[in-house]
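Hydrogens, waters and symmetry mates play no part in the numbers below; they use all other heavy atoms, side chains included.
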Amino acid sequence: MANSNKQSYNKLKERVLKLEKELDEIRNPQNNLSYTRLTNELYELRKKNKELSEYENKLLSENKLAGKGKKGITDIDKENFTIFDEFYSGIIILHLEKPDDYRTLRIVYGNKESERLLGLNINDLKGKKIDDISPEFKQKEISQLLSEVVSSNKSRKIKEISYNPKSTEPAIISIRAFPFSGNHVGVSFENITKTRRLQKALKESDIRFRSILNNSNAVIYIKDLSGRYLLINEKLEEILQLSNMEIIGKSDYDIFPEEYAKEIVKNDKEVISRRKTIIVEEIVPAGGDIYTFLSSKFPIFGDENNIYAICCISTDITDRKKAEEELNKIFALSEDLICIVTFEGKILKVNPAFERVLDYKQEEFIGRDIYDFIHPDDIDRCVNIATEKFENNESTIRVENRYLCKDGSYKWFSWITQLLYDKGIAFSIARDITSKKFYETELIKAKEKAEESDRLKSAFLANMSHEIRTPMNGILGFSKMLEENLLVEKRKQYINYVNSSVNQLLSIINDIIDFSKIEAGQLGINMNEFNLNNLIDDLYAQFESERIAQGKNNLELSFSKRLDDSDCHIKGDVVRIKQVLSNLLNNAIKFTHEGKVEFGCELVNHDTVKIFVKDTGIGITKSKQKIVFEKFRQEDESFTRQYGGTGLGLAISKGLIELMGGEIGVESDKSKGSLFYFTMPYKRSDQVSKEVSIVDSDEEYDWSNKTILIVEDDLMGCEYLKEIMEPTNVKILLVENGLEAINKVKSNKNINLVLMDLRIPKMDGYTATSEIKKLNPELPVIAQTANALPEDKIRAEKAGCEDFITKPIKRLEFLSTVNKYI
């Protein structure tokens with residue numbers, strides 16, 4: 001044998017022996033060899049054994065002993081027998097002394113390995129038969145097969161036997177025969193105990209492995225480095241709808257369309273190049289469906305840390321991906337805000353609604369702290385709620401807070417958060433409740449306002465009861481006393497008391513009517529030219545008399561006219577301006593015990609006239625200055641207040657001034673006095689026309705030879721009108737309803753005027769007027785009624801009335817109006 005060949009052989013033999021030693025570990029029950037490792041070891045053992053056997057056969061065929069012809073064993077160079085001592089297998093040589101008679105086979109040689117395997121001294125066996133080795137060899141077919149090898153000159157495997165020598169452990173021995181130098185036959189003995197043990201362990205492991213493999217819900221397979229499938233489980237067969245035989249040995253390009261296979265192969269190559277596990281999502285078509293797998297791919301290492309295969313464990317996440325896709329659709333299309341946040345408050349993901357509602361870009365949220373966007377006043381409350389839920393291990397949080405918009409404003413959101421403790425994240429959905437919060441706030445305000453209004457109305461009604469009953473008490477009381485026999489002076493005094501109480505009551509009624517008209521938006525404004533300075537003069541005269549009548553001798557009343565006579569002719573509703581200014585003066589005198597009350601006018605910025613009333617009275621606190629112009633409000637609203645009043649005067653004044661395009665206000669300090677003022681657009685009149693008279697004048701009228709028809713169902717009202725017109729010498733006719741009025745007009749052609757009450761029985765005044773106008777269109781009809789609203793006057797005009805007088809009727813105004821038409 002060449003020296004180099006011998007060294008290679010010895011090296012190979014050492015590797016096999018080392019491998020066999022490692023395989024002894026299989027007998028240790030604590031050992032947990034993997035199925036793949038076990039398979040690899042068996043493969044390596046078979047491979048090395050095969051290499052040794054092939055090499056030994058080569059040595060035999062090349063050895064010079066193989067060509068010695070028919071020489072006997074004694075003719076063979078004994079030094080060449082040393083070659084058999086190096087063999088991995090046990091070798092014995094038998095000589096067939098009589099051709100075709102297997103019974104004459106005798107042992108002539110045995111190497112050292114045969115002695116070790118058989119547990120015998122080979123010198124003791126020389127010249128003996130093979131069945132003398134052990135009872136296990138006493139089998140007729142063994143000797144016959146050996147004889148056939150000699151005659152056929154062909155090697156063959158004879159048998160595997162269980163061998164139990166006394167000197168060694170039981171073993172399984174594989175017996176193989178080969179022709180050797182004429183009538184000689186060689187027998188090789190190989191201990192295959194470890195191989196069979198390994199095969200058994202592998203079979204048992206394979207059963208366990210297959211059980212685990214095929215009962216797994218995951219797809220599991222092993223591929224060689226060329227990408228061909230070596231092993232698969234039943235789950236992959238089920239999904240691909242292919243059998244094991246249709247997959248094993250195939251590549252991905254054989255099974256899947258190219259675009260899918262290309263991606264899978266790319267991932268496999270990455271495992272090989274990186275030599276470590278990768279986790280990827282892979283998509284494959286199978287059975288008409290498209291599957292998505294989450295695949296964990298890792299290399300399998302053999303000897304010398306070389307990769308010889310790739311293993312993959314894949315979880316079918318198709319349903320999960322579909323659910324994620326649906327969730328992403330909801331995520332994208334939801335009108336509500338949706339976000340995913342870590343337990344530390346870091347924003348991981350937001351849906352497009354965040355951008356739409358808050359005006360940020362989505363990337364401006366990612367990685368930010370969610371508390372960066374919550375209103376500072378809401379943070380502590382939100383943290384406390386979340387902490388409490390964490391401590392109680394609750395999974396749902398509900399909270400409302402304000403969230404910062406891009407423009408710096410805040411919106412209200414109602415949040416519901418699901419805590420996923422196993423993942424350390426929170427899934428939150430928020431709905432914009434800004435409008436709801438606004439309406440809630442407005443509802444609370446409205447509720448408070450309604451409650452306040454109810455309180456004010458109750459206070460107003462109680463005050464009204466007091467304000468109305470007070471003058472009524474004077475009217476009824478002094479009227480009753482007038483029935484007694486009194487001195488003339490005393491009677492005059494009582495009549496003055498009655499008149500004063502009547503005027504007070506009438507003022508209250510007028511306030512209520514005016515306020516109702518303003519509230520209903522039905523108060524008309526009559527813009528006429530008038531002299532503002534003359535108005536101030538008239539009011540000074542009126543309220544100077546009032547001051548004296550009230551006995552306020554320590555109070556000075558003065559006025560200031562700061563408009564030239566050429567500039568004081570302006571346009572406005574003189575009646576309403578007088579009403580407002582009178583109210584302010586009346587209040588100033590009422591609330592000022594001593595000191596001064598000054599009123600007047602001045603021009604501001606050439607386009608506005610300012611009319612003011614200034615006093616040194618009790619003043620108004622700052623907190624009350626905003627409410628004195630509200631309906632039913634007074635600075636002192638208690639039942640123990642010192643000053644009376646309905647609380648409507650300033651509210652009416654404010655409404656009147658605003659109707660005329662102006663503003664009203666107050667400046668005041670408690671106990672130091674007040675300045676009330678109102679402004680009006682300055683509309684200077686270029687020519688002075690006939691002014692509206694605002695001062696009553698007493699004039700005697702003579703209506704002799706005139707006839708007036710009074711249509712009135714109130715006897716007292718009729719008597720009052722008769723008393724007013726008695727000095728005029730007019731003839732008066734009386735009827736109580738509309739039908740009688742029509743009949744009277746038909747029967748009397750001398751009637752010059754009709755005074756028509758609108759609320760009368762049988763036929764109302766509107767209908768009666770229309771019928772009268774049909775009979776005599778030229779006959780004037782004047783409505784005289786307690787219906788004082790604008791729509792009443794408009795309806796009367798449509799019915800045909802020439803004029804409209806409201807009750808209570810003032811004598812001079814009544815006579816002046818009637819005189820225009822009679």
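By the 4.5 Å heavy-atom criterion applied to side chains, Ile794 and Lys798 are counted as neighbours. When side chains are defined from C-beta on, Phe629 counts as touching Ile664, because their heavy atoms get closer than 4.5 Å. The side-chain heavy atoms of Leu358 and Phe373, taken from C-beta on, include no pair separated by under 4.5 Å. Taking the side chain as every heavy atom from C-beta outward, Asp407 and Asp359 never approach each other to under 4.5 Å. For the pair Val597 and Lys614, the minimum side-chain heavy-atom distance is 4.5 Å or more. Inter-residue side-chain proximity for Asn737 and Asp713 is flagged as unmet; no heavy-atom pair is nearer than 4.5 Å. Between Lys596 and Leu555, the closest side-chain pair of non-hydrogen atoms is not below 4.5 Å. At a threshold of 4.5 Å between non-hydrogen side-chain atoms, the residues Arg381 and Val399 count as touching.
Around atom CD of Gln362, more than 12 heavy atoms belonging to other residues, nucleotides or ligands sit under 6.0 Å away.
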Audit row: Gln550, Lys590, side-chain contact (heavy atoms from CB on, under 4.5 Å) steps and yes/no: CA-CA 9 Å; Gln550 292 183 21; Lys590 182 198 299 186; 5.8 Å; no
Working for side-chain contact (heavy atoms from CB on, under 4.5 Å), residues Tyr360 and Val350: CA-CA 11 Å; Tyr360 293 96; Val350 298; over 6 Å; no
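Under the side chain to side chain contact (heavy atoms under 4.5 Å, CB included) criterion, Ser582 pairs with Leu539, Phe543, Lys578, not counting sequence neighbours. Partners of Phe354 according to the ring-ring contact (aromatic ring centres under 6.0 Å, His included) rule, which considers only residues two or more places apart in sequence or in another chain, are Phe365. Residues that satisfy the salt bridge (charged side-chain N to carboxylate O under 4.0 Å, His left out) test with Glu658, not counting sequence neighbours, are Lys654. In this view, Phe559 and Tyr540 satisfy the ring-ring contact (aromatic ring centres under 6.0 Å, His included) rule, not counting sequence neighbours.
Under 4.0 Å is where a charged nitrogen must lie from a carboxylate oxygen, and between Lys445 and Glu442 at least one such pair does. For the pair Glu326 and Lys329, the salt-bridge criterion is met [side-chain N within less than 4.0 Å of a carboxylate O]. Comment: Glu556 does not engage Arg547 in a salt bridge, judged by the lack of any side-chain N to carboxylate O separation of less than 4.0 angstrom.
Contact between Thr769 and Gly800 at its shortest, heavy atoms only, is CG2-C, 4.0 Å. Between Ile577 and Met680, the shortest heavy-atom distance links the atoms CD1-CE, 4.1 Å. For Ile525 against Met527, the heavy-atom pair with the smallest separation is CG2-SD, 3.6 Å.
In terms of modelled atom types and a separation under 3.5 Å, the side chain of Asn351 and the main chain of Ile338 share a donor-acceptor contact.
From Cys601, atom SG reaches atom CG of Leu535 across 9.0 Å, with rounding to the nearest 0.5 Å. In this structure, CG on Asp380 lies 11.0 Å from CD1 on Ile374, to the nearest 0.5 angstrom. Rounded to the nearest 0.5 angstrom, Thr292 OG1 and Lys322 NZ are separated by 8.5 Å.
Screening residues 424-433 for salt bridge (charged side-chain N to carboxylate O under 4.0 Å, His left out), with sequence neighbours left out, gives Asp336-Arg431.
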Output side-chain donor-acceptor pairs under 3.5 Å for residues 410-425, partner residues at least two apart or in another chain, one line each.
residue : atom : partner : partner atom : Å
Lys411  : NZ   : Val357  : O            : 3.2
Trp415  : NE1  : Asn401  : OD1          : 3.0
Thr417  : OG1  : Ser428  : OG           : 2.8
Gln418  : OE1  : Thr396  : OG1          : 3.3
Gln418  : NE2  : Ser395  : OG           : 3.4
Tyr421  : OH   : Glu394  : O            : 2.6

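With 3.5 Å as the limit, one finds no donor-acceptor pair spanning the side chains of Asn605 and Thr608. Side chains of Thr817 and Asp803: no donor on one and acceptor on the other come within 3.5 Å.
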